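Worksheet: one structure, shown below.
Quick note: numbers below take in every heavy atom, side chains included, and nothing from hydrogens, waters or symmetry partners. Naming: A, B, ... by sequence-line order, numbering from 1 per chain. Just so it is clear, the model here is predicted, and its values are computed rather than measured.
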Amino acid sequence: MRAFFIPFIQDALRSAAIETDKDILIEKPTEKKFGDFSTNIALLLAKELKRSPRDLAAELIGLLSFPAGTVLKCDVAGPGFINFHLDSSFIMRTVRDVMTEGDAFGSSPVGKGQRAIVEYVSANPTGPLTVGRGRGGVLGDCIANLLDTQGYDVQREYYFNDAGRQMQILAESVRYRYLEQCGIAVDFPETHYQGDYIGNIAETLFIEHGNGLASIDNLAIFKETAEGIIFDSIRKTLARLSITHDSFFNEHTLYRAGEGGISPNQAVIEALDAKGFISIYDSATWFLTTKLGQEKDKVLIKSSGDPSYRLPDIAYHVTKFNRGFSLMVNVFGADHIDEYPDVNEALKILGYDTGRIRVAINQFVTTTVGGQTIKMSTRKGNADLLDDLIDDVGADATRLFFIMRSKDSHLNFDVDLAKKQSKDNPVFYLQYAHARVCSLMRMADKEVGFKADSATGQALAILDSEVEIELGSALLDYPDVIQSCLRFLEPQKMVEYLHDVAELYHKFYHECPILKADPEIRTARLELSLCVRQVLRNGFTILGISAPESM
RNA sequence: GUGCCCGUAGCUCAAUGGAUAGAGCAUCAGCCUUCUAAGCUGAGGGUUACUGGUUCGAGUCCAGUCGGGCAUACCA
């Protein structure tokens, strides 16, 4: 609906011979008396034009010409806002778009023909997924869903490394537990993985091989078995949250020679070297970030000859450019915050357009159980497992809790609260509104023969009560909310919005008789209910939560 | 020490530089012979951590102070 105003305001600005590159901001005023929408454009332009904002607003209003039956009146208010009062039947006529566009309501073709990659989760297969990982997983999945609606060809990718030091430690950990199974006393190092799952993997090996592996020094079978089992568990856990990936990118492929006989890692070194940003000293290969004003250079190849994580990270991003993505979204946790700037600098030096990369960093999750905060560490094995959480509170609540807070805020996941399968759980409030419409439709079919499938939305325009207009207007905000979520990479705004829609629907349901109303009104109210259901469904699809037909 | 995030109602958190800072939970008072009460209506609750600055206007931007989290690896 906001987009409706833009061309008319642009026309008025042209008529007034005003040129500006300022964004025309359309807002919903906080108070009803200020109209349905407002713009602050006169306030923004007043200074550079050296004019009084109120005069400017008045002049623009004089030049605005909206089609008949849309905007009832415009006024100047406060310091120079222009407030628009809409014809309520215009709002309700437009609500019909929800019905005609259906699942596509809120979609736009802006990303058509463009490929986007969203990288998320990207946990190395060293252990089961923790609660903390879940947040980034759900965030990434929602962002990918949002991009889907905008016509992008979206690829969901999981980047992992199964060849690093941590995997070595994992393999050793399994071996120690396996030796214990064989009845051999071992001194299990504190530095190794303590979790129960290690013992379970060892047991699997013991069942299959008996003592047969006890004297093998090669860790390969321990590593491979562990990786297989753990990756399987990670995928299963993600699947429970409806998180799936189109591709799993193994970091190790960047070490292997490709076309031209050199590895992607080596290609990065050579390209940076050609730009004068590589130096070898202290037996290591360094990225000369001090030339960029940083305090220290960064190691790309360790003195052992192995690349540090930075080098493959850079090479990995080069592959994203080479694979033809025009938009790259990286989702990761706050602990990786220092990793991105170096990658970004390297890519810039190599001539890539880093403006195509957007980074969504989510802050940590702390879990409280019984009022006690649990600190997470995969290594110590005391982490909250994502699977356990899903067992406790269900997939829908898990997803919603992860994204109902801004990614920039620390998330305090109160497991006791989320465990309550009661009205305290915010997911129920949203789903209940959906179930309520479904129930109403069943009743409407039975009582008055109303068929949801053949509803046209033509009756909507006769609705004129305050709550109906407010509800209709809220439904029309949905496309704007998607845009807002994408601008900030913040699906949390969708949760808030859907809450508002549900609240208005409950209020409408309470205030307005539907099945008992006169036939014409009844049809209109049923149609409005259908539109509410459609918007809720579309929103739930983005959030990845289910839309129950009854509760 | 330095960089990033945060500090808003009793608690958990919202709020593109806009008009009287909003929700949920908790507390209190109402509403089911009527389409799902997992709902609705109302009340109380605030010096937006603090001090300055920028401007028509600051919770939001800038500087500083205090407090919390995360990073500051030849781990990923």
Taking only N/O atoms, report every protein-nucleotides 58-62 of chain B pair under 3.5 Å with atom names and distance.
none

Between the protein and nucleotides 45-47 of chain B, which nitrogen or oxygen pairs are less than 3.5 angstrom apart?
none

Where do N or O atoms of nucleotides 27-34 of chain B meet protein N or O atoms at under 3.5 Å, pair by pair?
| unit_1 | atom_1 | unit_2 | atom_2 | d |
| --- | --- | --- | --- | --- |
| B:U34 | O2' | A:Lys516 | NZ | 2.8 |

query = Along nucleotides 12-20 of chain B, 5' to 3', which nucleotides get a B, which get an S, and which get a -, given that the test is a protein heavy-atom distance under 4.0 Å?
reply = BSSSB-BBB

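Nucleotides B:G22 and B:C31 are separated by 25 Å at their C1' atoms, to the nearest Å. B:G67 and B:A49 have their C1' atoms separated by 8 Å, given to the nearest Å. Here, B:G24 and B:G45 have their C1' atoms 15 Å apart, quoted to the whole Å.
In this structure, the nucleotide among B:A23, B:G69, B:G3 sitting nearest to the side chain of A:Gln363 is B:G69. Taking every side-chain heavy atom of A:Arg436 into account, B:G39 is the closest of B:G39, B:A23, B:G3.
For residues 483-499 of chain A, the salt bridge (Lys or Arg N to Asp or Glu O under 4.0 Å) pairs, not counting sequence neighbours, are A:Lys407-A:Glu490. Pairs passing the ring-ring contact (aromatic ring centres under 6.0 Å, His included) check and including a residue from residues 40-61 of chain A, sequence neighbours excluded, do not occur. Judged as a salt bridge (Lys or Arg N to Asp or Glu O under 4.0 Å), the pairs with a partner in residues 298-319 of chain A (not counting sequence neighbours) are, in order, A:Lys298-A:Asp342, A:Arg310-A:Asp342.
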Show me the side-chain donor-acceptor pairs of residues 500-524 of chain A shorter than 3.5 Å, one per line, residues at least two apart or across chains.
| unit_1 | atom_1 | unit_2 | atom_2 | d |
| --- | --- | --- | --- | --- |
| A:Tyr505 | OH | A:Ser529 | OG | 2.9 |
| A:His506 | ND1 | A:Arg436 | NH1 | 3.0 |
| A:Thr523 | OG1 | A:Pro519 | O | 3.0 |

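Residues satisfying the salt bridge (Lys or Arg N to Asp or Glu O under 4.0 Å) test with A:Glu345, not counting sequence neighbours, are none. Under the rule for a salt bridge (Lys or Arg N to Asp or Glu O under 4.0 Å), A:Lys296 has no partner lying at least two apart in sequence or in another chain.
Nearest-nucleotide assignment on RNA chain B puts the 5′-proximal partner with A:Ser439, out of A:Ser439 and A:Ala334.
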request  = Check the pair A:Asp396, A:Gln431 against side-chain hydrogen bond (donor to acceptor under 3.5 Å, both in side chains), reporting the backbone distance first and the verdict last.
outcome  = CA-CA 10 Å; A:Asp396 286 342; A:Gln431 292 180 326; 2.9 Å; yes

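Residues from residues 295-317 of chain A that place a heavy atom under 4.0 Å from any atom of RNA chain B, listed by number: A:Lys296, A:Val299, A:Lys302, A:Ser303, A:Ser308, A:Tyr309.
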query = How is the base pairing of RNA chain B summarised as a dot-bracket string, given the Watson-Crick and G-U wobble criteria with both distances under 3.5 Å, [ ] for crossing and | for another strand?
reply = (((((((..((((....[...)))).(((((.......))))).....(((((..]....))))))))))))....

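Here the side chains of A:Ile469 and A:Leu471 are not in contact, with every heavy-atom distance at 4.5 Å or above.
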